[in-house]
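For reference, the structure discussed in these notes is given below.
Naming convention: chains lettered A, B, ... in sequence-line order (proteins, then strands); numbering from 1 in each chain. Note that the structure is a prediction, hence the values are computed from the model and not measured.
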2 protein chains.
Amino acid sequence: MRIGELATKTGVSVRALRYYEEQGLLSAARSSGGQRHYLDDAVDRVYLIQMLYAAGLSSRTILDLLPCVDAKVNTPQSRAMLRAERDRIDRQITQLRQARKRLDEVIALSESPASGCTRTDTNAVRQRTTVW
Amino acid sequence: MRIGELATKTGVSVRALRYYEEQGLLSAARSSGGQRHYLDDAVDRVYLIQMLYAAGLSSRTILDLLPCVDAKVNTPQSRAMLRAERDRIDRQITQLRQARKRLDEVIALSESPASGCTRTDTNAVRQRTTVW
DNA sequence: CTTGTCCCTCACATGAACGTCAGGTTTTAC
DNA sequence: GTAAAACCTGACGTTCATGTGAGGGACAAG
């Protein structure tokens, strides 16, 4: 599989895939002409990388974690790192939950009949069209 | 309260506070000499801003949300935006949970006795000191 | 053998939320 | 009234994961 196909399959840009390789996160064989060729499992690897990026990990951290995921490294240090990242994600979830709660409160207030939403609606929409 | 005190109280840098003002998120009165003066409730406002930043919202989005939080704007559009952001946070939490689950699996594997962790430990630590 | 499509390597650009330094003013404390 | 501390406005620097050409090979189809 060449880079364009991998990009299509994963929904990740070609540029991003090259960047992953540059960061040491994704390896590829090269054809005689220098073009990258990937195995089928590269798709899953890309998904994993994306998942970890989405979890707020940096390239560097992912680079450190991947050997553990591949079960190639298993030391007290690596296990501590895994737990540290997991705890970071935990804290991030807690923060997100707080923010969601805050938004829910605002939503509840804005949707309660007492906030006079209907009257506010029609007026505000007419008067502030450009804002929204 | 001047900017330095607000920075100390909130743990946010002076530069960040000026940035918030530049983005329209935080307002301040000015002394005759041009220095910013904040009311006590600015502390809570800064905490709120930080919370929303932590939830992954951009300055622009926060700028749009704040009037709703302050209950100054309440239109169908604004309520839709609130719900949209809430749902975005929801999806982000889901993603984070997936990533955490994945890490937990790796952790479980690396800590299971079957992975031969003790032998791997001592060897790996001695052989790969520079890596870690 | 050519054409079109895909791919290559630089290498500079981008956006967000600040950090940091310069050069100058204001406020506070003695 | 003077010096230190805090503050002001630019304005350029930083980090990260890409976007975006430029200029030039690689490869399948006809």
Side-chain angles (χ1 to χ4, degrees), chain A residues 1-39 42-43 45-66 85 88-89 92 95-96 99, chain B residues 1-39 42-43 45-66 85 88-89 92 95-96 99:
Chain A
M1 180 176 16
R2 289 192 297 172
I3 199 168
E5 192 180 343
L6 182 59
T8 307
K9 280 187 181 174
T10 58
V12 168
S13 74
V14 168
R15 176 67 174 92
L17 294 177
R18 294 202 189 103
Y19 177 73
Y20 298 165
E21 179 174 322
E22 191 184 319
Q23 300 299 305
L25 308 180
L26 184 64
S27 60
R30 296 297 184 119
S31 72
S32 54
Q35 303 202 348
R36 292 171 180 82
H37 284 268
Y38 299 91
L39 300 175
V43 175
R45 165 67 39 133
V46 171
Y47 284 146
L48 174 61
I49 293 171
Q50 288 282 84
M51 166 179 279
L52 296 177
Y53 273 135
L57 308 206
S58 67
S59 292
R60 176 67 219 202
T61 308
I62 297 176
L63 182 60
D64 291 342
L65 287 182
L66 284 181
E85 284 309 317
R88 216 188 43 68
I89 293 176
Q92 207 175 327
Q95 284 196 336
L96 283 173
Chain B
M1 175 173 26
R2 288 193 297 169
I3 199 168
E5 192 180 343
L6 182 59
T8 306
K9 280 187 181 173
T10 59
V12 168
S13 74
V14 168
R15 176 67 174 92
L17 294 177
R18 294 202 188 102
Y19 177 74
Y20 298 165
E21 180 174 322
E22 192 184 318
Q23 300 299 304
L25 308 179
L26 184 65
S27 61
R30 296 296 185 120
S31 73
S32 54
Q35 302 203 349
R36 293 170 179 82
H37 285 267
Y38 299 92
L39 299 175
V43 174
R45 164 67 41 134
V46 170
Y47 284 146
L48 173 61
I49 293 171
Q50 288 280 94
M51 166 180 279
L52 296 177
Y53 274 134
L57 308 207
S58 67
S59 293
R60 176 67 220 204
T61 307
I62 297 176
L63 182 61
D64 291 342
L65 286 182
L66 284 181
E85 283 309 317
R88 215 189 42 70
I89 293 176
Q92 206 174 329
Q95 284 196 335
L96 283 173

### Task
For B:E5 and C:dT28, give me the distance from atom CD to atom C1', rounded to whole Å.
14 Å
### Task
Round to the nearest Å and state the distance from A:Y38 atom OH to C:dC7 atom P.
10 Å
### Task
Return the value, rounded to whole Å, for the distance between atom CD of B:Q50 and atom P of C:dC18.
6 Å
### Task
Please determine, for the side chain of B:S59, which listed nucleotide (C:dA17, C:dC18, D:dA6) has the closest atom?
C:dA17
### Query
When the distance from CG of B:L52 to C1' of C:dA17 is rounded to whole Å, what number comes out?
15 Å
### Summary
Taking C:dG19, D:dT18, C:dC6 as options, the one with an atom nearest any side-chain atom of A:Y53 is D:dT18
### Message
Is a donor from one side chain sitting under 3.5 angstrom from an acceptor on the other, for A:S59 and A:Y53?
### Response
yes
#### Entry: Distance in angstrom units between B:M1 CE and D:dA6 C1', rounded
16 Å
#### Entry: Gap between atoms CD and P, on B:Q23 and C:dA16 respectively (whole Å)
8 Å
### Summary
Side-chain contact check for B:Y19: nearest option of C:dT27, C:dA16, D:dT9 is C:dA16
### Query
In whole Å, what is the span from the CG atom of B:L6 to the P atom of D:dC8?
11 Å
### A:S31 side chain near D:dA26 phosphate (N/O to OP1/OP2, under 4.0 Å)
no
### Message
Can you measure A:E22 atom CD to C:dC10 atom C1' for me and round it to whole angstrom units?
### Response
11 Å
## Note on the structure
Taking for A:H37 and for B:Y20 the nucleotide of DNA chain C with the nearest heavy atom, the one nearer the 5' end belongs to A:H37
### Query
Would you say the side chain of A:Q35 lies within less than 4.5 Å of the side chain of A:R30, judging by non-hydrogen atoms?
no
#### Entry: Nearest-neighbour nucleotide for the A:S32 side chain, D:dC27, C:dC8, D:dA17 considered
D:dC27
### Message
From C-beta outward on B:R30, which listed nucleotide comes closest to its side chain: C:dC18, D:dC8, D:dG25?
### Response
D:dC8
### Query
To the nearest 0.5 Å, what is the distance between CG (A:L6) and CG (A:L17)?
5.0 Å
### Task
Choose from C:dA17, D:dC8, D:dA26 the nucleotide whose nearest atom is closest to any side-chain atom of B:S58.
C:dA17
### Query
Quick one: are B:Q95 and A:M51 in side-chain contact, heavy atoms under 4.5 Å?
no
## Note on the structure
Side-chain atoms of B:R2 come closest, of C:dA17, D:dA17, D:dC7, to D:dC7
### Message
The side chain of A:R15 is closest to which nucleotide in this list: C:dC12, D:dC27, C:dT20?
### Response
C:dC12
#### Entry: Note: B:R45-B:E21 ion pair, threshold 4.0 Å (strictly below)
no
### Message
Any donor-acceptor pair, under 3.5 Å, between the side chain of A:R18 and the base of C:dT9, if you only look at N and O atoms?
### Response
no
